[in-house]
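First the structure, in the form of structure tokens, and then the observations on it.
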Protein chains: 2
Amino acid sequence: MTSEPAESIRTAGLRVTAQRLAVLGALDGMPHADTEALHRAVRRTLPGITLQSVYVVLGALTEAGLIRRIEPAGSPALYERRIGDNHHHAICSRCGAVQDVDCVVGHAPCLHPSDAAGFAVQTAEVTFWGLCPACQNA
Amino acid sequence: MTSEPAESIRTAGLRVTAQRLAVLGALDGMPHADTEALHRAVRRTLPGITLQSVYVVLGALTEAGLIRRIEPAGSPALYERRIGDNHHHAICSRCGAVQDVDCVVGHAPCLHPSDAAGFAVQTAEVTFWGLCPACQNA
DNA sequence: CCGTTATTACGAATAATTCACAATAAGCCC
DNA sequence: GGGCTTATTGTGAATTATTCGTAATAACGG
């Protein structure tokens with residue numbers, strides 16, 4: 001039901017290239033991957049692609065709103081394909097594992113600060129830090 | 001009313017050094033400064049201090065819980081002296097200005113995700129992105 | 001199929017941060 | 001107060017993540 005990747009790229013006003021399709025495709029199996037991991041994955045189908053091109057592709061797709069970039073403290077930037085819903089992340093402070101977390105039901109207010117000192121708030125980003133199930137046993 | 005900086009450093013199990021005192025002192029006038037800005041500030045009273053030492057000092061103070069490090073996307077790490085209260089930040093997506101934002105009154109629940117997929121959540125970090133008052137006029 | 005223009009490749013550069021190791025100084029004991 | 005032990009700082013280089021300039025390539029509209 002997801003619209004064709006090629007079409008969504010075109011609709012965003014971008015040219016459809018093998019590199020962009022490959023990055024989007026790789027991202028499907030890697031919900032929160034960094035640039036290097038994506039480069040490794042994409043290389044399997046596109047052996048010649050350079051790391052720098054993956055950076056450029058990710059930048060373009062992010063700017064076009066086709067993917068989302070998150071930049072957790074102490075980690076390189078991660079990319080995800082799930083967009084449009086306002087979801088947040090739980091990150092393991094020990095191993096770095098990332099889990100999507102739906103916005104707390106009925107608490108959308110947490111996205112509207114009582115006092116933002118005159119800021120015109122556009123988005124709210126919530127990150128939960130803790131231990132993932134695996135790291136709790138250690 | 002703030003306890004003596006020297007004492008708080010000692011209480012944290014750290015040795016009291018001129019460098020640590022200077023960094024803490026500089027941080028008083030710069031609520032959300034990055035390492036380089038702090039280095040410049042500290043140099044005024046401690047001309048010989050190196051940038052690397054500022055990094056080390058900030059790391060030690062952060063680990064000891066005397067200051068707090070925030071790492072906004074697209075910015076170097078910032079440090080602040082206000083700790084212990086669970087406050088958040090509004091950041092201008094245009095100029096990078098940072099404002100403290102108190103936790104939404106009565107909505108502490110925003111710190112407890114409905115489903116964290118088994119994560120043992122220890123802290124919640126909220127960042128509001130938008131335009132600061134100055135940048136709204138542009 | 002051709003030309004225009006976006007996109008990618010290539011190579012180098014930069015920014016932020018960390019590391020290894022030697023020099024220094026804090027704090028404790030006497 | 002002097003000396004000892006060990007934490008801390010200074011020095012210089014290395015690393016990681018990312019960006020930039022420019023030439024080569026490929027998408028897509030005519």
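Lettering follows sequence order; numbering is per chain, from 1. We use all heavy atoms of the structure for the numbers below, so side chains are in, but hydrogens, waters and symmetry mates are not.
Two residues, Val16(B) and Thr35(B), neighbour DNA chain C, and the one matched to the more 5' nucleotide by heavy-atom proximity is Thr35(B). Residue-to-nucleotide proximity on DNA chain C shows that, of Val56(B) and Ala60(A), the 5′-proximal contact is made by Ala60(A).
In this structure, Leu14(B) atom CG and dA7(D) atom C1' are separated by 9 Å, rounded to whole Å. Remark: C1' of dT24(C) and CZ of Arg20(B) are 14 Å apart, rounded to the nearest angstrom. In this structure, NE2 of His39(B) is placed 16 Å from C1' of dT18(C), rounded to the nearest angstrom. Rounded to an integer number of Å, the gap from CG of Leu58(B) to P of dA16(C) is 14 Å. Leu61(A) places its CG atom 9 Å from the P atom of dT8(C), with the value rounded to the nearest Å. If you measure from atom CD of Glu7(B) to atom P of dG27(C), you get 13 Å, rounded to the nearest angstrom. Distance Glu36(B) CD to dA16(C) P: 6 Å, rounded to the nearest Å. Atom pair Glu63(A):CD and dA6(C):P shows a separation of 14 Å (rounding to whole Å applied).
Look at Arg15(B) and you won't find any side-chain N or O under 4.0 angstrom from OP1 or OP2 of dA25(C). The phosphate of dA9(C) has OP1 or OP2 within less than 4.0 Å of a side-chain N or O from Gln19(A). Arg10(A) has a side-chain polar atom (N or O) that falls below the 4.0 Å cut-off from OP1 or OP2 of dC28(D). The shortest distance between the side-chain N/O atoms of Thr17(B) and the OP1/OP2 oxygens of dT9(D) is below 4.0 Å. Considering only side-chain N and O atoms, Ser53(B) lies nowhere under 4.0 angstrom from the phosphate OP1 or OP2 of dT9(D). Applying the 4.0 Å criterion to OP1 and OP2 of dT18(D), one finds that Tyr55(A) has a side-chain N or O inside that range.
Contact of the Glu36(A) side chain with the Val54(A) side chain is not registered, since no non-hydrogen atoms from C-beta on lie closer than 4.5 Å. Side-chain atoms of Ser75(B) and Glu71(A), non-hydrogen and from C-beta on, never get closer than 4.5 Å to each other.
Following chains of ILVMFWY side-chain contacts shorter than 4.5 Å, one can reach Val16(A) starting from Val23(A), so the two form part of one hydrophobic cluster.
Around atom CD of Glu63(B), no more than 12 heavy atoms belonging to other residues, nucleotides or ligands sit under 6.0 Å away.
Note on Gln52(B): a base of the nucleic acid sits closer than 4.0 angstrom, heavy atoms only. The residue Ala18(B) sits apart from the nucleic acid: no heavy atom pair falls under 4.0 Å.
With hydrogens and angles disregarded, no donor-acceptor distance shorter than 3.5 Å links the side chain of His39(A) to the backbone of Ser53(A).
Comparing dG10(D), dA9(C), dA17(D) by their closest approach to the side chain of Ile49(A) singles out dA9(C). When distances are taken from the side chain of Pro76(B) to each of dA16(C), dT8(D), dT7(C), the shortest belongs to dA16(C). Proximity note for Leu51(B) (side chain, C-beta onward) versus dC28(D), dT9(D), dT17(C): the nearest is dT17(C).
Heavy-atom minimum distance, Cys92(A) versus Phe119(B): N-CE2, 3.3 Å.
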